[in-house]
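Within every chain, numbering begins at 1; the chains are lettered A, B, ... in the order of the sequence lines, protein sequences first and strands thereafter.
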Amino acid sequence: MNHGPLIFLGVFFTFASSWLALVFTPYVQLQHLTAAKSGETASSYPRPIAGLALVGQRVYSRDGCMYCHTQQVRPEGFGADFERGWGPRRTVARDYIYDRPVMLGTMRTGPDLANIGVRQPSVEWHHLHLYNPRITSPGSIMPSYAFLYRKQKIVGQPSDDALELPEEYAIEPGYEIVPTEEARALVAYLLRQDRTYPLPEAEQ
Amino acid sequence: MSDAVAATVEWTPEKRRAYFARERAGIDASTRLPVLTFFAASVFWLLVGTTLAIIASVKMHWPEFLESFSWLTFGRARSAHLDTMAYGWTAQVGLGVSLWLIARLARAPLRWPRLLVGAAGLWNAAVLAGAIGVLGGQMQSVEWLEFPPFVAPLLALAFVVIAMSALTTFGDRQEGHIYVSQWYLFGALFWFPWLYVVANVLILFQPVRGVLQASVNWWFAHNYLGLYLTPIGLASAYYLIPKVIGRPVYSYYLSIIGFWALAFFYNSAGIHHLIGGPMPAWLITYSIVASVMMLIPVGTVAINHHMTTVNHFRLVLYSPTLRFIVFGAMSYTAVSVQGALQSLRTVNEVSHFTHYTVAHAHLGVYAFFTMTMFGSLYYIVPRLTKWEWASARLIRLHFWMTAGGIMLYFLSLTWAGWYQGQMLNDANVPFMDIVKYTLPYLRTRSIAAVMLAVGHLVFAYLFVLNLLHRGEPRRDPTILGDVKEYRDMIGSEGAPQ
């Protein structure tokens, strides 16, 4: 192996082989996936993420929720994703065509969130949980996202969206905790996590 | 000296030795400034990355720790740790070692040293901007590519300049034989920019659709270790083990098989990170096959290094370089065999999504790559600064803190992760019970992180003393035992380190 050009060609072709197999061929297979209708549904799924939820996707990405939570349900019989109630069916490639970036995740320090919008549809629950996870889930090691909330003086009536904190987490009287725009966006994004609709390749 | 002149000289062993010493001194003079710049910057980022690591580790068992700072929230701190370690420490120390090895092995002075210092400046400015971006709220949740998108063109540009200098120096080579380390370095310098540019374009600039981003992501992230860090680590092991021992590499043919099998199989292994995920089955199976086939290059390299070192293992008691590199080379075998097993669907069903994977990643990037780099620096730096290391005791402390720390890290998280995975797959175990089960192991991990931090501080201190020529002047290299005993063991062919 004393020929520079030979080494160069080998280095080039071994790399090109993986590019062909892991990048190009899947591209041909999946790049043109579109939303689809399954037998009984009237509209096509999935639906594009839009509005406040789109801002929330940015917050989810920026604060790294993905590093403790996945957004994928494994097939039945592989792990216990079904038994834990994380989804009625496995997730498939079509479920993610509008995600940018795609945040499948590789770690389950916390539970899977692929269908969290269905499993936990309460806006109030999510705000309390993000403000301090120990309020709703004692023993949790999730970080507090209190920096997405604002403490303000109550002027006249308390705000509609003020958090109803239990006694042991109460703040001084005359003040209230309200979600910022980012907190509301993040909750909108979480509630949008619903991959329970049927798809042609993944009937329930 | 031209060949014609050389032919007229009557070469006695003394003349020959003096000639090569002069040649080496000229080459080292050309690499001194750029290589030391890369080393100094990489040691700085090692300390930054270690600090972020401790913060992230503590937050996992003590969530109230520093909770009011949004810029240090777990997701950002852990990503800033990964990216400063990846691009600040590993990439950069690897570049320094590569440039030095390339010039030495080509027997030619390094091209454009001052331009390289400029490229190092650009690289570090980009890493700094990226780290601030991640902490400040510009992070992208794409594993190993969390920097804000504007950083990627800067890193790519700096890398291309550095690779051009290295490849031009390789082209200047006066040595007809191309040594195994040079194959690996050639591969690393060619593969990294291609990987990095393609991954950034297809994920951040012109995103491909849906899960394709995930497959491109793992093609990149796995190959960052496999096609960039691993070849550099192996290149320095292939160079330094025979150098220190004073014996040639055991088998040329094994090194050929090892290199091409790595180039072909490691390339395609990355999608095993998505087993069970919403990906085409053929794609995952293809990566599993490639992962298992990795046993071939790993086995050949292990046999080759073992047979080169056999009968000389006692030298690890003396040579700091050999001690760190042997630890690294053994870890390489361990992490690769573990990786091949972990890619099997039945094992992955348990280990995926758990701390087991985190332990595995640190066995690779730390126990193999980082330890190999420490060993390389113990060899290279005194040759550039012309000053021996200040203290054998501190080198020993560095070794035991890092070796002990990473073993504790690996064992605690591997154990915790395996049982975490078993429990996750049993729906009768409430989720919070699993969280509670892992807590003692997460605390142990923080202790391990502090041990590693102590080791890094000791190393940084030794490095700065060496740059400043502090400590007693020494005639002999700083080794971990009696110098005379050591010289008798290596004979005249071994390098005095």
Side-chain angles (χ1 to χ4, degrees), chain A residues 1-2 4 7-8 10-12 14-15 17-19 21-23 26-27 29-31 33 60-68 70 72 74-75 78-80 83-84 90-93 95-104 106-109 111 133 137 139-147, chain B residues 59-61 63 67-68 70 73-76 78-79 137 139-143 176-178 183 186-187 190-191 194 198 203 207-216 219 256 260 263-264 267-268 270-271 273-274 276-280 283 286 349 353-354 357 424-427 431-432 435-436:
Chain A
M1 291 225 333
N2 287 327
I7 297 174
F8 173 77
V11 159
F12 178 85
T14 49
F15 193 76
S17 77
S18 89
W19 180 84
L22 303 194
V23 179
Y27 178 88
Q29 187 178 356
L30 298 176
Q31 176 68 15
L33 269 184
Y60 189 97
S61 167
R62 170 197 88 180
D63 286 339
C65 306
M66 179 190 86
Y67 296 97
C68 292
T70 53
Q72 52 177 311
R74 292 192 282 183
F78 195 77
E83 293 80 351
R84 287 196 175 273
R90 71 170 299 180
T91 54
V92 294
D95 286 311
Y96 303 90
I97 54 176
Y98 296 118
D99 291 15
R100 214 180 134 169
V102 139
M103 293 180 278
L104 293 177
T106 48
M107 186 70 186
R108 285 178 174 168
T109 308
S137 319
S140 168
I141 55 170
M142 179 168 137
S144 149
Y145 292 91
F147 56 83
Chain B
K59 276 171 172 276
M60 259 206 153
H61 52 80
E67 72 174 356
S68 51
S70 62
T73 189
F74 176 80
R76 297 193 206 173
R78 129 324 136 213
S79 302
M139 181 170 113
Q140 307 288 326
S141 271
V142 179
E143 297 200 47
H177 179 67
I178 303 179
W183 316 337
F186 189 89
F190 176 82
W191 287 322
W194 191 354
V198 172
I203 300 175
V208 282
R209 185 154 266 213
V211 295
L212 287 169
Q213 292 170 26
S215 52
V216 173
W219 172 75
I256 293 182
W260 290 117
F264 188 68
N267 245 314
S268 298
I271 313 301
H273 286 268
L274 297 168
M279 311 300 295
L283 182 59
Y286 185 77
E349 184 181 1
F353 304 133
T354 72
T357 313
L424 277 170
N425 288 349
D426 177 357
F431 199 89
M432 205 56 81
V435 173
K436 285 191 187 117

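To the nearest 0.5 Å, the span separating CE on M139(B) from CE on M66(A) amounts to 7.0 Å. Residue D95(A) holds its CG atom at 11.0 Å from CD of Q72(A), rounded to the nearest 0.5 Å. The distance from atom CD1 of I97(A) to atom CD of Q31(A), rounded to the nearest 0.5 Å, is 10.5 Å. Atom CD1 of I141(A) and atom CE of M432(B) lie 9.0 Å apart (nearest 0.5 Å). Between atom OG1 of residue T14(A) and atom CG of residue N267(B) there is a gap of 5.5 Å, rounded to the nearest 0.5 Å. Of the inter-residue distances, the one linking F431(B) atom CZ with S140(A) atom OG reads 9.5 Å to the nearest 0.5 angstrom.
Between V142(B) and P101(A), the closest heavy-atom pair is CG2-CB, 4.0 Å. Counting all heavy atoms, side chain and backbone alike, F186(B) lies closest to F8(A) at CE2-CA, 3.7 Å. R74(A) and E349(B) make their closest contact through NH1-O, 3.3 Å (heavy atoms, listed as atom of the first residue, atom of the second, distance). When every heavy atom of Y67(A) is checked against every heavy atom of E143(B), the shortest pair comes out as CE2-CG, 3.8 Å.
Using a 4.5 Å cut-off between heavy atoms, D63(A) touches chain B through backbone and side chain atoms alike. Looking at L104(A), the atoms closer than 4.5 Å to chain B (heavy atoms on both sides) all sit in the side chain, from C-beta outward. Contact of Y145(A) with chain B is made through the side chain alone, with heavy-atom distances under 4.5 Å. Heavy atoms closer than 4.5 Å to chain A are found in both the backbone and the side chain of F264(B). For T357(B), no part lies under 4.5 angstrom from a heavy atom of chain A. Heavy-atom distances place both the backbone and the side chain of R76(B) under 4.5 Å from chain A. Heavy atoms closer than 4.5 Å to chain B are found in both the backbone and the side chain of A21(A). For M103(A), the part lying under 4.5 angstrom from a heavy atom of chain B is the side chain only. Looking at Q213(B), the atoms closer than 4.5 Å to chain A (heavy atoms on both sides) all sit in the side chain, from C-beta outward. Proximity to chain A is limited to the side chain of I256(B), based on heavy atoms less than 4.5 angstrom apart.
In terms of non-hydrogen atom pairs under 4.5 Å with chain B, the most contact-rich of T91(A), V102(A), L33(A) is V102(A). When each of Q140(B), M279(B), K436(B), H177(B) is checked for heavy-atom pairs under 4.5 Å with chain A, H177(B) comes out on top. Considering only heavy-atom pairs separated by less than 4.5 Å from chain A, the leading option among E67(B), H273(B), H61(B), K59(B) is E67(B). For the set I7(A), D99(A), T106(A), V92(A), the entry with the most heavy-atom pairs within less than 4.5 Å of chain B is T106(A). Of the residues considered (P280(B), S68(B), G270(B), S215(B)), P280(B) shows the highest number of contacts with chain A, using heavy-atom pairs under 4.5 Å. Of the listed residues (P75(A), A80(A), C68(A)), the one with the most heavy-atom contacts under 4.5 Å to chain B is A80(A). Note: G10(A) leads G10(A), P143(A), G4(A), S17(A) in heavy-atom pairs under 4.5 Å with chain B. Between chain B and the options Q29(A), M142(A), R90(A), heavy-atom pairs under 4.5 Å are most frequent for Q29(A). Contact count against chain A (heavy-atom pairs under 4.5 Å) is highest for T73(B) among V216(B), T73(B), I203(B), L283(B). Your options are W19(A), F15(A), F147(A), and the one with the most heavy-atom pairs under 4.5 Å with chain B is F15(A). In terms of heavy-atom pairs under 4.5 angstrom with chain A, the leader among P63(B), A214(B), G187(B), G137(B) is P63(B).
Aromatic pair Y98(A)/Y96(A): centroids not less than 6.0 angstrom apart.
Y27(A) has its side chain within reach of V208(B): a pair of non-hydrogen atoms, C-beta onward, lies under 4.5 Å apart.
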Any chance you could lay out the side chain to side chain contact (heavy atoms under 4.5 Å, CB included) test for Y60(A) and S141(B), step after step, and finish with the verdict? CA-CA 8 Å; Y60(A) 189 97; S141(B) 271; 5.8 Å; no
